[in-house]
Number of protein chains: 2
Amino acid sequence: MVSLTADYALRAMLLLARDETDRALRADEIADATGAPRNYMAKVLNAVAKAGLINSTRGPAGGFTLAIPSTEITLGRVIDLFDTVPGNPRCMLGSGPCDPARPCRSHDAWQAVTAARRSPFLSTTIADLLNGRVDPLAVHPVPESLNVA
Amino acid sequence: MVSLTADYALRAMLLLARDETDRALRADEIADATGAPRNYMAKVLNAVAKAGLINSTRGPAGGFTLAIPSTEITLGRVIDLFDTVPGNPRCMLGSGPCDPARPCRSHDAWQAVTAARRSPFLSTTIADLLNGRVDPLAVHPVPESLNVA
DNA sequence: CGAGTTTCTCATCTGGATATGAGTATCTCG
DNA sequence: CGAGATACTCATATCCAGATGAGAAACTCG
């Protein structure tokens, strides 16, 4: 669902958002707190920093801080840095990508499912998650009869 | 998002549902039509058959057919056969699983996001997908301002 | 029964995600 | 400026989903 790497990144962002006004957090602090290997977390944080979501400073008292307010960082923005969607180029029916002009009959439905799954990542920010705030649009009940899990 | 293996399985189910009343489809037919490697698709179909969603018969004129109506097969039911959710045992904040009695403050929000992403898989059946029918609950617009993709 | 067809099974290969270790660059501060 | 602290980088190891190949088991039909 979400790669372990993206999961690490999300957790790191939550930690940084919690200390949004406070001192910088070191990579190894973040790694230990999130349960990620230290060197691996360093690489993850580096990638997030390159994307401009966090700042990094070296040397004593260095570490990482948010570069933009946590209210402006959607989950999707973090996750997309790591989870590329390779996907199957061919349409759900048929042997190639759907011609947009003549979509196969399951095309729109599949698109809707995909969009619906992406939606919570776009409508939820790090700040939302930290404060336990949930986008009401993202919560729609599932008929019990269909819950076969 | 969805593993390639689960994607193969979904496509196979769509094919079988399209010929729901017709003859059995051979593994290699299904493989070719879906773009999956033949031997690999055989393994996938075998797993779906073991789960009871499809029937398999060997020998001439053998192949696979749906074991239950496509209206009763949700996407989640197929996908769950392959996409296990290992996930990080620890809560999004904190160093272990959340105590249900005293959840961390992002616990409910994260649960909601997860549930919202799972919902389309539970509320959509193979038949829905095949006929381009979309659960209206699964389609909620995303504010343009949040669409940072 | 025998031959052909098809599913089923297993052992192995491969590539990418994950992880590790060691070393390099850059900063602060005395 | 020197030393310590920290981020950064790279080479390599590990693990697993995905893919492959070859063969065994089971069925149909003449």
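Numbers restart at 1 for each chain; the letters A, B, ... are given by sequence-line order, proteins then strands. Everything numeric here is computed off the predicted structure, so don't read it as measured data.
If you measure from atom CZ of A:Arg26 to atom P of D:dG4, you get 17 Å, rounded to the nearest angstrom. Put simply, OH on A:Tyr8 is 8 Å from P on C:dT20, counting in whole angstrom units. Between the OH atom of A:Tyr40 and the C1' atom of D:dC10 there is a distance of 15 Å, rounded to whole Å. Rounded to an integer number of Å, the gap from B:Phe64 CZ to D:dA26 P is 15 Å. Note: CG (A:Asn55) to P (D:dC8) measures 11 Å, nearest angstrom. Between B:Asn46 atom CG and D:dA26 atom C1' the separation is 13 Å, expressed in whole Å.
Closest approach of A:Gly35 and A:Tyr8 over heavy atoms only: O-OH, 4.3 Å.
Note on B:Phe82: nothing from the nucleic acid sits closer than 4.0 angstrom, heavy atoms only. Using a 4.0 Å heavy-atom criterion, one finds that B:Asn39 contacts the bases of the nucleic acid, with or without backbone contacts as well. Counting any heavy atom pair closer than 4.0 Å across all strands shown, A:Ala42 reaches no nucleic acid atom.
Not a single donor-acceptor pair, N or O on each side, falls under 3.5 Å between the base of D:dA5 and the side chain of A:Arg58.
Looking at A:Ser70 and A:Glu20, their side chains do bring a donor and an acceptor atom within 3.5 Å of each other. Side chains of A:Tyr40 and A:Thr5: a donor on one and an acceptor on the other come within 3.5 Å.
Close to C:dT9, at under 4.0 Å from its OP1 or OP2, lies a side-chain N or O of B:Lys50. An OP1 or OP2 oxygen of D:dC8 is reached within less than 4.0 angstrom by a side-chain nitrogen or oxygen of A:Ser56.
Between the B:Arg58 side chain and the B:Gly63 main chain, no donor and acceptor come within less than 3.5 Å of each other.
Axis angle, first five pairs versus last five pairs of the helix from C:dC1-D:dG30 to C:dG30-D:dC1: 10°, rounded to 10°.
Side-chain atoms of A:Pro37 lie closest to C:dT20 of the nucleotides D:dG18, C:dA11, C:dT20. With distances taken from any side-chain atom of A:Pro60 to the nucleotides C:dC27, C:dC8, C:dT5, the minimum falls on C:dC27.
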